[in-house]
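Here, residue 1 is the first one in the sequence, and each next residue gets the next number. The model shown is predicted, which means the values in this text are computed figures rather than measured ones.
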Amino acid sequence: MPANDAALISVYDRTGIVELARALVAAGTAIYATGGSAAHLRAAGLAVHDVEELTGFPALFDGRVKTLHPNVFGGILRDTASAVH
């Protein structure tokens, strides 16, 4: 399970994601990314976790489905102000 401070990066246009990811890492945020985004960030020397670590499943349909999983949506939709997570 990721740390409390984690970001998911999955983009088509990778313009500026290295700078964004570096700023997030500097702030103590763990980076999770999908296929091409992860490869792009790793090529820039960043430590990146694969989204499959969250889902437990590989990408489906030639990489078109990667983040449709309760472990991803739960993290996005979680109410951090609530006692029930």
Side-chain angles (χ1 to χ4, degrees):
M1 233 10 165
N4 285 335
D5 293 326
L8 172 63
I9 298 177
S10 179
V11 297
Y12 174 78
D13 180 354
R14 297 184 182 99
T15 304
I17 68 164
V18 170
E19 295 79 11
L20 172 64
R22 283 192 177 131
L24 290 168
V25 168
T29 303
I31 303 296
Y32 288 80
T34 57
S37 297
H40 186 80
L41 294 170
R42 286 188 183 112
L46 289 157
V48 177
H49 301 276
D50 292 311
V51 74
E52 288 86 357
E53 291 179 39
L54 297 175
T55 65
F57 291 95
L60 302 171
F61 305 115
D62 297 321
R64 292 187 311 272
V65 176
K66 303 169 187 121
T67 58
L68 295 176
H69 191 278
N71 288 349
V72 174
F73 282 104
I76 293 168
L77 298 174
R78 161 181 103 153
D79 181 0
T80 58
S82 171
V84 179
H85 295 301

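Side-chain heavy atoms closer than 4.5 Å link hydrophobic residues (I, L, V, M, F, W, Y) into clusters, and following such links, possibly through other members, connects Ile9 to Val48. Placement of Leu46 and Val11 within a single hydrophobic cluster is found when ILVMFWY residues are connected by side-chain heavy-atom separations under 4.5 Å, directly or transitively.
Residues in residues 26-39 take part in no salt bridge (charged side-chain N to carboxylate O under 4.0 Å, His left out) pair, two or more places apart or across chains. For residues 30-42, the pairs satisfying salt bridge (charged side-chain N to carboxylate O under 4.0 Å, His left out) are Arg42-Asp50, with sequence neighbours left out.
Residues Ala33 and Leu41 come closest through the heavy atom pair CB-CD1, 4.3 Å.
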Quiz: residues 13-28 side-chain donor-acceptor pairs under 3.5 angstrom, not counting sequence neighbours:
from: Asp13; atom 1: OD1; to: Thr15; atom 2: N; distance (Å): 3.0
from: Asp13; atom 1: OD1; to: Thr15; atom 2: OG1; distance (Å): 2.6
from: Arg14; atom 1: NE; to: Gly36; atom 2: O; distance (Å): 3.4
from: Arg22; atom 1: NH2; to: Ala44; atom 2: O; distance (Å): 3.1

